[in-house]
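First up is the structure itself, then whatever we jot down about it.
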There are 2 protein chains.
Amino acid sequence: MSLPHALLTSLLEKSSSGYELARRFERSIGYFWKATHQQIYRELGRMEAQGWIAANSADEAPQSRKKVYRVLDAGRQALRDWAAEPSDPAELREDLMIKLRAEAVIGPLGLEHEVERRHALHRDRLAEYQAIEARDFSHRPLTREDTLRHLILKCGIRLEEAQIAWSVEALVTLRRLGSVTGRGAT
Amino acid sequence: MSLPHALLTSLLEKSSSGYELARRFERSIGYFWKATHQQIYRELGRMEAQGWIAANSADEAPQSRKKVYRVLDAGRQALRDWAAEPSDPAELREDLMIKLRAEAVIGPLGLEHEVERRHALHRDRLAEYQAIEARDFSHRPLTREDTLRHLILKCGIRLEEAQIAWSVEALVTLRRLGSVTGRGAT
DNA sequence: CCAACCATGTAAGCGGTTACATGATTGG
DNA sequence: CCAATCATGTAACCGCTTACATGGTTGG
């Protein structure tokens, strides 16, 4: 579980309210880590209780309920400690792989449409990533920070490319099998 | 949630006890869907209550507690229905991406070792997949079933290859940044 | 003034993880 | 006989998802 550390990182980039974090987790960070506002508020509460972050509610802007959190030294250190311990790669749980396996046992199930959908989806996502790349990382020289952020994006790009290539192959295979089953040795 | 459907598929391939399913989910199916024996037993209980599967405990082999489940027509149909509805690709939640982002903000964190670890891990996994490929899918012609199973494996292979290529790139980048930070303009 | 958005929260339920517990079977 | 493995379960906890609820702020 590393949502708190994702939040710490995001807060270090910019002190924010829970609401702002929630919106940011639908965009940039959300590309590789999703979180709803409920998760975020709860986690912010815990982190505040733990002394990792602090809010400036009545402090400097008492006119609204908005609570802007900032990272304390303890939070900074917690993030450092967490980064130092090894973590395993994310496990994939792909529904589609189960469906393909089911197709092998009780097919045909008409999975072509599903694979087409995913092909389009990954193609769109790749285009989105490439647009970000052109917009944010095409100038030289890149700062240290931008180089690292670019690295993250490139991981996403490589994975989308792999998914697209596989989708194409899967589609060809499914169509070949489908046409064989459809007519065949009657 | 598709654990029940993964179990249905596995049971269609071969009627089994919960224990046998648990072991299979550590191997072949486990490559893209993990499940512990507790999850499996609970889910089997629910599916039996729902009339998707049935056990032959006192039926033909009353000598042991072993319950071998088989899929009923209702279960077969439930699997078919589930396969027909669209499902989104798995969301990735990569700790390492957060760590890289943290590295950008409060680095250096010494992530080289972490990336090296993952490089080795993905390389090993790829080798494992390729061994399976050579053992099970190198003969021609492949049956319809084997063609589909091969397709699943090839998805895993492509993703591992992408991860390996990215790891190499990330390692080069991190070392370059590290050496610059280490000496630099002192 | 009203709609849209900002902003924060509670509550219920489910899936997944870990720990604990029990007993039967099998092979050395 | 004893250890390893087979085989099935209960219990507690935690994170995530969804639904519901509340009230402030801002702009047309």
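The shown structure was predicted, so the numbers you read here are calculated from the model rather than taken from an experiment. Letters A, B, ... mirror the listed sequences (proteins, then strands); counts begin at 1.
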Here the residues of residues 32-46 of chain A within 4.0 Å heavy-atom distance, strictly under, of DNA chain C are A:H37, A:Q38, A:Y41
Figure out the CZ/P separation between A:R24 and C:dA7, and round it to whole Å. 12 Å
Rounded to whole Å, the CD-C1' distance (B:E48 to D:dT8) equals 13 Å
Between B:E43 and B:R46, is the closest basic N to carboxylate O distance under 4.0 Å? yes
Checking A:S10 side chain against A:L8 main chain: does a donor-acceptor pair fall under 3.5 Å? no
B:W166 six-ring face occupied by A:R158 cation (under 6.0 Å, within 45°): no
Note: A:E116-A:R175 ion pair, threshold 4.0 Å (strictly below): yes
Starting at NZ of A:K66 and ending at P of C:dG9, how long is that distance when rounded to a whole Å? 14 Å
Quick test of your reading: applying side chain to side chain donor-acceptor pair (under 3.5 Å), list the pairs with at least one residue in residues 79-92 of chain A, sequence neighbours left out, ordered by first then second residue. A:Q77-A:D81, A:S87-B:K99, A:S87-B:E114, A:D88-B:R117
What is the distance, rounded to the nearest whole Å, between atom CZ of B:R23 and atom C1' of D:dC6? 8 Å
Can you see if the side chain of A:Y19 gets near the phosphate of C:dT8 - specifically, an N or O under 4.0 Å from OP1 or OP2? no
Can you pull out the residues from residues 2-12 of chain A that lie within a 4.0 Å heavy-atom distance of DNA chain C? none
Would B:R144 and A:E103 pass as an ion pair if we require N to O under 4.0 Å? yes
Here the gap from A:W33 atom CH2 to B:E94 atom CD, rounded to the nearest 0.5 Å, amounts to 8.5 Å
Among residues at least two apart in sequence or on other chains, which ones pass side-chain hydrogen bond (donor to acceptor under 3.5 Å, both in side chains) with B:E13? A:R101
How many angstroms lie between atom CZ of B:F137 and atom CG of B:L151, to the nearest 0.5 angstrom? 10.0 Å
Expected output is a numbered-order residue list: members of residues 75-92 of chain A with a heavy atom under 4.0 Å from any atom of DNA chain C. What is it? none
Which residue, B:R93 or B:S17, contacts DNA chain D at a nucleotide closer to its 5' end, judged by nearest heavy atom? B:S17
Qualifying side chain to side chain donor-acceptor pair (under 3.5 Å) pairs with a residue from residues 129-143 of chain A, counting only residues at least two apart or across chains: A:E133-A:H150
Between D:dA7 (P) and B:N56 (CG): distance, integer Å: 13 Å
Provide, to the nearest angstrom, the distance between the CG atom belonging to A:L21 and the P atom belonging to C:dC6. 14 Å
Looking at CG of A:L3 and CZ of B:R93, how far apart are the two atoms once the value is rounded to the nearest 0.5 Å? 7.0 Å
